[in-house]
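The chains referred to below are lettered A, B, ... by the order of the sequence lines, with proteins before strands, and numbering in each begins at 1.
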Amino acid sequence: MKPAYAALLLLVLFAPARTAAQERHAEQQPSGGLTRRVHPIPEVTVVGRRPIKETGVQRTKFDSTALKENIALSMADVLTFRSPLFVKSYGRATLSTVAFRGTSPSHTQVTWNGMRINNPMLGMTDFSMIPSYFVDDASLLHGTSSVNETGGGLGGAVKLATRPAAAEGFGLQYIQGIGSFRTFDEFLRLTYGNARWQFSTRAVYSSSPNDYKYRNRDKKENIYDEEMNIVGSYHPVERNRSGAFKDLHLLQEVYCNTGRGDRFGLNAWYIHSNRELPMLTTDYADDLAFENRQREQTFRGILSWEHLRSQWKIAARAGYIHTWTAYDYKRDVGNGTMAAMTRSRSTVDTFYGQLDGEYALGRKWLFTASLAAHQHLVESVDKNIIKQDGNKAVVGYDKGRIELSGSLSAKWRPTERFGLAAVLREEMYGTEWSPPIPALFLDGVLSRQGNLVAKASVSRNYRFPTLNDLYFLPGGNPDLRKESGWTYDAGLSFAVGKAGRYRLSGSATWFDSHVDDWIVWLPTTKGFFSPRNLKKVHAYGVEAQAELSVALAQEWKLELGGTYSWTPSINEGEPISPADRSVGKQLPYVPVHAATTTGRLTWRRWSLLYKWCWYSRRYTMSSNDVTLTGSLPPYYMNNLALEKSFSLRWADLSVKGAVNNLFDEEYLSVLSRPMPGINFEIFIAITPKWGRKN
Amino acid sequence: MRRSLRHTVLAALAALGLAGCMEWDYGGTEEFEASGAGLFVVNEGNFQYGNATLSYYDPETRQVENEVFRRANGFRLGDTAQSMTVRNGTAWVVVNNSHVIFAIDTETFVEKGRIVGFTSPRHIHFLSDRKAYVTQLWDNRIFIVDPERYAITGHIECPGMTIENGSTERMVQYGRYLYVNCWSYQNRILKIDTETDAVVGQLEVGIQPAAMVLDRYGKLWVYTDGGYEGSPYGHEAPALCRIDAETFTIEKRFGFRHGDRPGDLAINGPGDRLYWLDEGVWCMETTAERLPLRPILPGSGTLYYSLTIDPVRGDLYVADAIDYQQQGIVYRYSADGEPLDRFQAGTTPGFFCWK
């Protein structure tokens, strides 16, 4: 490591820091002054208290310390270090998609406060567009468990939600982050609340030229003599070109709890994103001569109502999403004028409605019903052309599609030790119905000692083609079939501990899924790509995770978490050509092994956080050949953060220093996309105590 | 408690020590000496992957060397290699989405120089040692370059197109005139006077003329791919046009059926037989007055993507891109259609070039 980096690292390590978010989870000792606090170890959940609604469900929940770690993080970062998912990304503020259990990004369904937010044109969700500070409740529903929430999650579902802030009176929180590459992050939250009403306004603004340096191993700069003969060459140190971003997020929430069993909510989320698309390492263009930019404005709004009674509950939600996306690829034609080579615009309007009902029959039965509708209206203009008759025209499509998804479930827990649940889901996209989607879940307590619980589930599932799959010009294929699959899960979980001393929990799940008619976009002889139902994929493996919390000594606490996944995702289709060597091979860009670890050591108001992740080799070819030009070797990533908080009479303050890519690794997550080396960010947070007691 | 704390800290430090160090092999360079005649295979790779490669095949020894650019130079060829032209012992490799043309030695594969500054280069055609034209996509200009100085020296404005729908593709020279087919959302052949660098004629031939060759009788052969269903530019059956280069008029139009997807177009060494892809490999005398009824080489589940004819032996080489995500296969047949050899090239073998 370079001396300058080492010095800066030490500076950051010893700088005092702590996020205000974690304040809520610690209690101040009455006699401990400003720098003493205790760090409670949570109690082990007793098996008999398992909610019947979660029967057999494989769920990974992210706690608030993970979501509110720092304001610069997106959900892509949280998933990278806290989950067994593979996040495919090429740096901050770039398209970040996930491979859940070896499936493709569009096989992961994402909901926000119940509303599906996958892009209906692409099917996928860009997790870099979701600031983790805007999410109060996040969980993964693995494989079959996603059928409880929605259809189409052949890999699983990511469930995101906001929650009332539980404010009493006015509250304010402001966080400023300043980091390497002239990166600035700002977060502001205003809250007001009482027993009946809760108001919250959140804003995040992030900007950076994002022009980090890296050694470009994919290029050589030549040194010429006067006769233009090459007399030397070297791998240049370049900056990440065309990587700047400016992202603004606003989130307004209003909640009303009547206290008589009715809860109302309003959530409105606005995104204004302006991002350049970074150039490849192999691009020899002058970045000043080209502009490659994507802009997005999205509004998501939801109105919700819940009516709760002791035995039953009904809920209704209505929502609307408007997304405007612009992609511009421009070229300086020589006189300083940037001429458009591609001027692509798309508008998506989605109207959403959902009704849910639950009825508990005694303590042993729970029945649920749900019906959700998403009406998408898409207008996509991809290119301007001049027709043969000289008139102008645009290449694109203008389509709408209604998507209905309904489910019924019955959950039965005859004894504390055993539970059984059945879900039947039915979906309709456009005019096409899916066959019934059944899912069966069961769980049982094998041993009260150690809270050893076994879970198993099986489900059918379908994913309909996206609107681009069907209608994109050129290449859309209206004859595509929906993908279909069977998934099986079985796993064990345990939890042991002693209140105030330690808590250890863990789980391991085996899964096996078969997906038929897997849709793949391939080039055609006409120079464009077109989707086809090509592959039959067998994805299977094991996901394991463990968490440990230990009170090491008075005022010392250690929390460790880890995940590991083994996910062979094998193409088992027919060879598409006599020479096809992809059958029996791992899908490109899906690592077979992935592991993450986080460790947090807390002492009084200090907290040291260490994060580590590892991905095995990702093949870039369907034949799994490892060539000089096309492979991505395994990599490790290490991040470190040190926090210190202060509780003053008038405000809570905290300072945090974060070091990303601690060992300054040269690494790639995606071919030809360099990732930043060691980089730093400092966060300062202030939460005034207006009208509150210290 | 103190003991457990000490153990924990020691364990954490030990784990930190294991956490770094990534496996990276950037490799060095290799020396090649490819004397004699040979065949270059330009492998496009995948768009935005930066994994284009260059293969070299010796028809005598039947040996293939893959990734020769990377191995000879120690760095990557780039993103979406499009075409290649050999002139006086130098091969000029056009790497479309890297916005560069590399000049390499045809025997050692070592870089001699590079030309940068393009919008989206497709093909290079030499007029002399000091002058060449470069066609482009997404640009209404054909660039003029000085190969000796590796510099862009000017451009030719193409009429009837903007930068957004600009597309000029293959170039064929007949005397002082150069013919260029305009492909993407276009329907014309341009005639350029190479002495004045001016467009002096245009000829409408059908929707999206994709490839063009010149036969021994001075006839230009152009195939139009017909666009695609739903295109606002129009959609028609593909066709093969015979154009008299002297008069710049269409002599005959051979229509394919709707749904046919003719691909690459090539001509043999003597210039009297045309070859093209349409699932299988098709062949026709340049004097023929109708399209053949059946291919000389039927497709058998293959995804043929490009082809060439050995200008000396007359052997046919056809590349199967398979699924475009693995190393493609090149099949070699004799002029009589006898299988002679097969070898693995790179991902998406899209262009052949003889040394």
Participant: Look at the rings of Phe528(A) and Tyr228(B) and say which category their plane angle falls in: under 30° parallel, 30 to 60° tilted, over 60° perpendicular.
Facilitator: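 Ring orientation of Phe528(A) relative to Tyr228(B): perpendicular.
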Participant: Can you find a heavy atom in the side chain of Gln344(B) that is under 4.5 Å from one in the side chain of Arg581(A)?
Facilitator: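 Gln344(B) reaches Arg581(A) side chain to side chain.
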Participant: Which bit of Phe69(B) comes within less than 4.5 Å of chain A, counting heavy atoms only: side chain, backbone, both or neither?
Facilitator: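 Neither part; nothing is under 4.5 Å.
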Participant: Just grab all the salt bridge (Lys or Arg N to Asp or Glu O under 4.0 Å) pairs involving residues 223-236 of chain A, residues at least two apart or on different chains.
Facilitator: none
Participant: For the pair Lys383(A) (side chain) and Glu164(B) (backbone), establish whether a donor and an acceptor sit closer than 3.5 Å, ignoring hydrogens and angles.
Facilitator: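 Present.
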Participant: If you draw a 6.0 Å radius around CD in Glu229(B), do more than 12 non-hydrogen atoms from other residues or ligands fall strictly inside?
Facilitator: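 Atom CD in Glu229(B) is not crowded, with 12 or fewer foreign heavy atoms closer than 6.0 Å.
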Participant: Phe118(B), Phe47(B), Tyr233(B): which one forms the most heavy-atom pairs within less than 4.5 Å of chain A?
Facilitator: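 The answer is Tyr233(B).
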Participant: Just so I know, are the side chains of Asn46(B) and Leu671(A) near enough to count as touching, which here means a heavy-atom distance under 4.5 Å?
Facilitator: no
Participant: With respect to Gln326(B), which candidate in Thr620(A), Asp580(A), Asp625(A) satisfies the side-chain hydrogen bond (donor to acceptor under 3.5 Å, both in side chains) definition?
Facilitator: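 Result for side-chain hydrogen bond (donor to acceptor under 3.5 Å, both in side chains) with Gln326(B): Asp580(A).
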Participant: If we ignore hydrogens and angles and just use 3.5 Å, is the side chain of Lys220(A) paired with the main-chain N or O of Phe75(B) as donor and acceptor?
Facilitator: no
Participant: With distance as the sole test, does Arg141(B) use its side chain to make a donor-acceptor pair with the main-chain N or O of Val333(A) at under 3.5 Å?
Facilitator: yes
Participant: Counting only heavy atoms from other residues, nucleotides and ligands, does the tally under 6.0 Å from CD of Glu574(A) exceed 12?
Facilitator: no
Participant: Is any side-chain heavy atom of Pro474(A) less than 4.5 Å from a side-chain heavy atom of Ser231(B)?
Facilitator: no
Participant: Where on Ala321(B) is there a heavy atom nearer than 4.5 Å to chain A: the side chain, the backbone, both, or neither?
Facilitator: neither
Participant: With only heavy atoms counted, which part of Gln186(B) is less than 4.5 Å from chain A, the side chain, the backbone, both or neither?
Facilitator: neither
Participant: Should Gln388(A) and Arg188(B) be marked as a side chain to side chain donor-acceptor pair (under 3.5 Å) after you check the CA-CA gap, both sets of side-chain angles, and the distance that decides it?
Facilitator: CA-CA 10 Å; Gln388(A) 296 182 79; Arg188(B) 293 166 297 157; over 6 Å; no
Participant: Heavy-atom distance under 4.5 Å to chain A: side chain of Asp320(B), backbone, both or neither?
Facilitator: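 For Asp320(B), the contact with chain A is made by the side chain alone.
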Participant: Hey, what do you get for CG (Leu522(A)) to OG1 (Thr348(B)), rounding to the nearest 0.5 Å?
Facilitator: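 Taking CG in Leu522(A) and OG1 in Thr348(B), the distance rounds to 9.5 Å.
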Participant: Under 4.5 Å heavy-atom distance to chain B, tell me which part of Lys535(A) shows up: side chain, backbone, both or neither.
Facilitator: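 Answer is side chain: those atoms of Lys535(A) sit under 4.5 Å from chain B.
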Participant: Angle class for the Trp138(B)/Tyr329(A) ring planes (parallel below 30°, perpendicular above 60°, tilted otherwise)?
Facilitator: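 Taking Tyr329(A) first and then Trp138(B), their aromatic rings stand perpendicular (interplane angle over 60°).
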Participant: Are any of the side-chain heavy atoms of His99(B) and Asp283(A) separated by less than 4.5 Å?
Facilitator: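 Sidechains of Asp283(A) and His99(B): in contact.
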Participant: When you look at CD of Glu279(B), are more than 12 heavy atoms from neighbouring residues, nucleotides or ligands closer to it than 6.0 Å?
Facilitator: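 Atom CD in Glu279(B) is not packed in, count stays at 12 or less.
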Participant: Would you mind checking which part of Arg342(B) comes under 4.5 Å of any heavy atom in chain A, side chain (CB onward), backbone (N, CA, C, O), both or neither?
Facilitator: side chain
Participant: Using non-hydrogen atoms and a 4.5 Å limit, figure out which bit of Thr119(B) sits close to chain A: side chain, backbone, both or neither.
Facilitator: both
Participant: Identify which part of Arg343(A) has an atom lying under 4.5 Å from any heavy atom of chain B, answering side chain, backbone, both or neither.
Facilitator: both
Participant: Answer with side chain, backbone, both or neither: which region of Asn187(B) has an atom nearer than 4.5 Å to a non-hydrogen atom of chain A?
Facilitator: side chain
Participant: Assess the residue pair Met228(A) and Glu148(B) against the criterion (side-chain contact (heavy atoms from CB on, under 4.5 Å)); give the C-alpha distance rounded to whole Å, side-chain angles, the decisive distance to 0.1 Å, and a yes or no.
Facilitator: CA-CA 8 Å; Met228(A) 293 304 288; Glu148(B) 285 193 1; over 6 Å; no
Participant: For residues Pro588(A) and Gln325(B), determine if any side-chain heavy atom of one lies less than 4.5 Å from a side-chain heavy atom of the other.
Facilitator: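 SC-SC contact between Pro588(A) and Gln325(B) confirmed.
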Participant: I'd like to check Pro578(A) versus Thr302(B) (side-chain heavy atoms, cut-off strictly below 4.5 Å). Are they in contact?
Facilitator: yes
Participant: Need one label for Leu280(A): side chain, backbone, both or neither, based on atoms under 4.5 Å from any heavy atom in chain B.
Facilitator: side chain
Participant: Which residues satisfy the side chain to side chain donor-acceptor pair (under 3.5 Å) test with Asn391(A), sequence neighbours excluded?
Facilitator: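 Once residues adjacent in sequence are excluded, the partners of Asn391(A) under the side chain to side chain donor-acceptor pair (under 3.5 Å) criterion are Asp389(A).
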Participant: What are the two closest heavy atoms between Val116(B) and Tyr284(A), and how far apart are they?
Facilitator: CG1-CB, 3.8 Å
Participant: Side chains of Thr524(A) and Arg261(B): closer than 4.5 Å at any heavy-atom pair?
Facilitator: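 Answer yes - side chains close enough.
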Participant: Does the Glu67(B) side chain pair with the main chain of Leu628(A), one donor and one acceptor, at a distance under 3.5 Å?
Facilitator: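 Between the backbone of Leu628(A) and the side chain of Glu67(B) there is a qualifying donor-acceptor contact (under 3.5 Å).
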Participant: Assess the side chains of Arg76(B) and Thr282(A): does a donor N or O sit below 3.5 Å from an acceptor N or O?
Facilitator: no
Participant: Side chain, backbone, both or neither: which part of Ile163(B) has an atom under 4.5 Å from a heavy atom of chain A?
Facilitator: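 Both parts, backbone and side chain.
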